4 protein chains.
Amino acid sequence: MKPEAPGAIAAAVDAGEVFSPVPPGEKYQRILDAAVEVIAEKGYFNAPVSAIAARAGVADGTVYLYFKSKDDVLRTAIDRNFDRFHRQVIERFQEVHDPREQLEYIAQVHLESGSVNRAMAIVMQTEVRQSAQFIAEFSHHHLVKYIQVVREVIRRGQQQGIFRQDISDGVVAHCMFGAIDELLSSAVFTGRSYDAKATAKQVLDVLLNGINRA
Amino acid sequence: MKPEAPGAIAAAVDAGEVFSPVPPGEKYQRILDAAVEVIAEKGYFNAPVSAIAARAGVADGTVYLYFKSKDDVLRTAIDRNFDRFHRQVIERFQEVHDPREQLEYIAQVHLESGSVNRAMAIVMQTEVRQSAQFIAEFSHHHLVKYIQVVREVIRRGQQQGIFRQDISDGVVAHCMFGAIDELLSSAVFTGRSYDAKATAKQVLDVLLNGINRA
Amino acid sequence: MKPEAPGAIAAAVDAGEVFSPVPPGEKYQRILDAAVEVIAEKGYFNAPVSAIAARAGVADGTVYLYFKSKDDVLRTAIDRNFDRFHRQVIERFQEVHDPREQLEYIAQVHLESGSVNRAMAIVMQTEVRQSAQFIAEFSHHHLVKYIQVVREVIRRGQQQGIFRQDISDGVVAHCMFGAIDELLSSAVFTGRSYDAKATAKQVLDVLLNGINRA
Amino acid sequence: MKPEAPGAIAAAVDAGEVFSPVPPGEKYQRILDAAVEVIAEKGYFNAPVSAIAARAGVADGTVYLYFKSKDDVLRTAIDRNFDRFHRQVIERFQEVHDPREQLEYIAQVHLESGSVNRAMAIVMQTEVRQSAQFIAEFSHHHLVKYIQVVREVIRRGQQQGIFRQDISDGVVAHCMFGAIDELLSSAVFTGRSYDAKATAKQVLDVLLNGINRA
DNA sequence: GATGAATGAGCTTTCATTCAT
DNA sequence: AATGAATGAAAGCTCATTCAT
């Protein structure tokens, strides 16, 4: 958020992925998609580069023309997914300003990700949390960004007198992320389908009003 | 059996480890502990059995005297941890009957697990969610058990007229588990320490009353 | 395919290797040859893949580029040897029709195998009979084929009134195979060299006329 | 035959195994039997000492109280089997003097070994021929002894004018051993049962009279 | 004599990565 | 740009043998 001028964000939004510094290229994308699919099916460490290449319809060596390493493929896929999420949320915030509606939108987009691309959702659930070593550090960065957005919304709501002031915005933000992510996780792994919008409403109802009988 | 002094057995009895069907044994436990430590540090797939054995102070082959495979070591460690959690909760429920207090106790024990054994908490955060292949299936069983306990408490609260009846106990249960697990995760990975009891109170406050200004 | 000069292919055609369904390839053959040599020297279970690879002048992993497993290497070598034997016999039968001469030819080719490729002969003597588990089942198939060919010759001889009718073709076939194989075995292990043609004649003389003084 | 005085043989025969330099002992024999069974089932290299010990009902370490090594167990079992065979033949030769009957007796005892102890027969078929390295050298010694006995019978028959003089006693001896061993092998592996005496007669008929129509 | 827990060398196999073509 | 054959390090696991009890 900080390093980029608002104009730059707008431009990127308008242009889609065109100005991304990485070479898009047909095969580039095919490798990314294949990697997510294969890793979702077998897990990162059981997904040989050769299997990813085969799924993408390229030679093993070609993967290394587009990516530095196997790590790099997964990292890039996760990065792009987080970025898309983040961009989508920021975009919407330019139209919707009510903190409650903003939180609901975040919940909705988060929950929708399970049906938009199930393989990616599985990867996000399994591989992002994993291996404190090589993924965690960088994916932590994205998590933090998500949490920060939510915290800012909460704080704005508190300033506007909509939300209680006697609660920690950090705790609430983590609770909200965790609650939604767990619902998503449960749905993705059991293969259940659900209505993202309706589920988002339910979660927000609990978060906003609690479960105590009024 | 031989390596333990009778006193140790008595202590184990007191500690509630008695019904475990597996032979404790000095090395058995050392291998389990070492595995959790090494896997927490490097991740399951980057933790060679040789490293686990070295950490436990035994020969590589000795690991296979106590466990069928590398998988089996991790599985056992996770099983035992889940079981301890579950036992602890069930025990307390015999004294505490108020649904709100029960939920708070679950939250507290869940959050405490991060400080009781940080390595284990990391493993639970990283490896349990992972590799849909070989862990997920069995760890899913434990998750389900956790969720079930919470759902039952919610339902009881609804029957007693304490909780709102217009909400899904499943959604609430997943939200609660997710919220707490995310808080724990965040604290464990950033290395922050926190007061489990106080944090549990905060989470329950949000869950019960929501964040809307009354 | 690439490593072979066209001339080599033509030579292979002449040599009757053409119908083999497996990709010949330079390294493929080198690995097979190396495997037979090393296994002849040390026995299958004392011949590490690394030793075979080293003898073939390739990296350990390369063996698995051409063969599914260590088993597969040995199995393939034995298969090819049996097939060559069988093909050679069948071919000759199109010119030679006298049952006695046919048996003599089989004996001769069988005995020649010891001098053509001593390592292979040793492998056939030691490993084929061995390990009821993984070799026996498949090599039994080849043995049966050999025996069948001999039985058919015997039966034809009986029908033509050349051979006695009061003897079991099965017993005679096994006797003949066993007798020749034992002679070969003895020669191979003691390192004695012999004249295959002359020895074949002697064996057939005994088989046809017996050792009783007329 | 040569190194031992007749008296020594007679004494050994009379005394059974009592003066054998190895400690008989109950467990000693149980280990030998168990080894033969397990090795027959799984092959030498797939038969762990622990499995042999378990089958024998003793601890792993106990095997090493009676034998120097795993090799030694197998070697001893094979030795004893060969010796029993040899002793049985020599004994009978003191009553039966006709070369034809002697050969027939050898064939019969050889063929009977399949039904007397199938596991041992399998071991003799699979492991004796194997691994030029550690078994072959010593088992060669026994083979040679067998062949020598047969050769002497043949030569005696030639001297007595019963057998043809224009054939090599060595070739005939190997042929006879090989023929019988192959019949035995075939029967043992296919699990067929047969009449040893009748089969011995058939083999000798072929060997003595040949298969040519008179 | 008897045990069986412990050892650690050694095995087969996989796979990320390179590089000649 | 693209290939895919080749590499070799590294992993999980087995098991003959030892030795303290």
Side-chain angles (χ1 to χ4, degrees), chain A residues 23 25-28 44-54 57-73, chain B residues 1-3 23 25-28 44-54 56-73, chain C residues 1-3 23 25-28 44-54 56-73, chain D residues 23 25-28 44-54 57-73:
Chain A
E26 193 205 357
K27 294 189 177 172
Y28 181 83
Y44 178 79
F45 285 100
N46 291 315
V49 171
S50 61
I52 294 171
V58 302
D60 293 14
T62 303
V63 172
Y64 291 85
L65 290 178
Y66 292 94
F67 300 93
K68 279 206 317 287
S69 65
K70 188 186 170 188
D71 286 18
D72 190 35
V73 181
Chain B
M1 226 60 86
K2 274 164 275 170
E26 195 204 356
K27 295 194 177 160
Y28 181 84
Y44 178 78
F45 285 102
N46 290 314
V49 171
S50 60
I52 295 171
V58 301
D60 294 13
T62 303
V63 172
Y64 293 87
L65 235 49
Y66 291 92
F67 300 93
K68 281 205 313 289
S69 63
K70 189 186 169 189
D71 286 19
D72 190 34
V73 181
Chain C
M1 225 61 85
K2 274 164 275 172
E26 196 203 356
K27 295 193 177 162
Y28 181 84
Y44 178 78
F45 286 102
N46 290 316
V49 171
S50 60
I52 294 171
V58 300
D60 294 14
T62 303
V63 172
Y64 292 86
L65 237 50
Y66 292 91
F67 300 94
K68 281 204 313 288
S69 64
K70 188 185 170 188
D71 285 19
D72 190 36
V73 181
Chain D
E26 194 205 358
K27 294 189 178 171
Y28 180 84
Y44 178 78
F45 285 101
N46 291 315
V49 171
S50 61
I52 294 170
V58 300
D60 294 13
T62 304
V63 172
Y64 291 85
L65 289 177
Y66 292 94
F67 301 93
K68 278 206 318 288
S69 64
K70 188 185 170 188
D71 286 17
D72 190 36
V73 181

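Note that this is a predicted model, so its numbers are computed, not measured. Every chain is numbered from 1 and lettered A, B, ... according to where its sequence line falls, protein lines coming before strand lines.
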Strand partner of [N], provided both Watson-Crick or wobble distances fall under 3.5 Å:
N: F:dA1; value: none
N: F:dT7; value: E:dA16
N: F:dT14; value: E:dA9

Q | Heavy-atom side-chain contact between C:Asp71 and C:Tyr44 under 4.5 Å | A |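 Yes - at least one pair of side-chain heavy atoms lies under 4.5 Å apart.
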Any heavy-atom pair between the side chains of D:Phe45 and C:Asn46 that's under 4.5 Å?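 The answer is yes, as the side chains (C-beta and beyond) meet within the 4.5 Å cut-off.
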Under 4.0 Å from OP1 or OP2 of [N]: is there any side-chain N or O of [X] that close?
X: C:Thr62; N: F:dT7; value: yes
X: C:Lys70; N: E:dT13; value: no
X: D:Lys27; N: E:dA2; value: yes
X: B:Tyr64; N: F:dT14; value: no

If I take atom [atom1] in residue [X] and atom [atom2] in nucleotide [N], what distance separates them, rounded to the nearest angstrom?
X: A:Ile52; N: F:dG4; atom1: CD1; atom2: P; result: 17 Å
X: A:Phe67; N: F:dA1; atom1: CZ; atom2: P; result: 13 Å
X: C:Asp72; N: E:dT13; atom1: CG; atom2: C1'; result: 14 Å
X: B:Asp71; N: F:dC13; atom1: CG; atom2: C1'; result: 12 Å
X: C:Asn46; N: E:dA9; atom1: CG; atom2: C1'; result: 14 Å
X: B:Tyr28; N: E:dA5; atom1: OH; atom2: C1'; result: 17 Å

- Among F:dC13, E:dT13, F:dT17, the nucleotide that comes nearest once only the side chain of C:Val49 is considered: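 Selected nucleotide (nearest to the side chain): E:dT13.
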Where the side chain of B:Pro48 is concerned, which of F:dA11, E:dT12, F:dA6 is the nearest nucleotide?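 Nearest to the side-chain atoms of B:Pro48, counting from C-beta on, is F:dA11.
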- Position toward the 5' end of DNA chain F (nearest nucleotide), A:Gly57 or C:Gly57: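 The residue whose closest nucleotide sits nearer the 5' end is A:Gly57.
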Find which nucleotide of DNA chain F each of A:Leu65 and C:Leu65 is nearest to by heavy atoms, and output the residue with the more 5' nucleotide.
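Its nearest nucleotide lies further toward 5', so the answer is A:Leu65.
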- Nearest heavy-atom neighbours spanning C:Ser50 and C:Asp60: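 Smallest heavy-atom distance, with atoms named: CB-OD2, 3.4 Å.
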Exercise for review: Heavy atoms only: give me the nearest C:Ala47-C:Ile52 pair and the separation to one decimal.
Suggested key: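 It is O-CD1, 4.3 Å.
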Base, sugar-phosphate, or nothing for [X], non-hydrogen atoms under 4.0 angstrom?
X: A:Ala54; value: nothing
X: B:Ala51; value: nothing
X: C:Val63; value: nothing

Output the distance between atom OH (D:Tyr64) and atom NZ (D:Lys70), rounded to the nearest 0.5 Å.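 These two atoms lie 8.0 Å from each other.
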Fill in: Comparing C:Asp60 and A:Gly61 on DNA chain E - which has the more 5′ nearest nucleotide
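The residue closer to the strand's 5' end, by nearest nucleotide, is C:Asp60.
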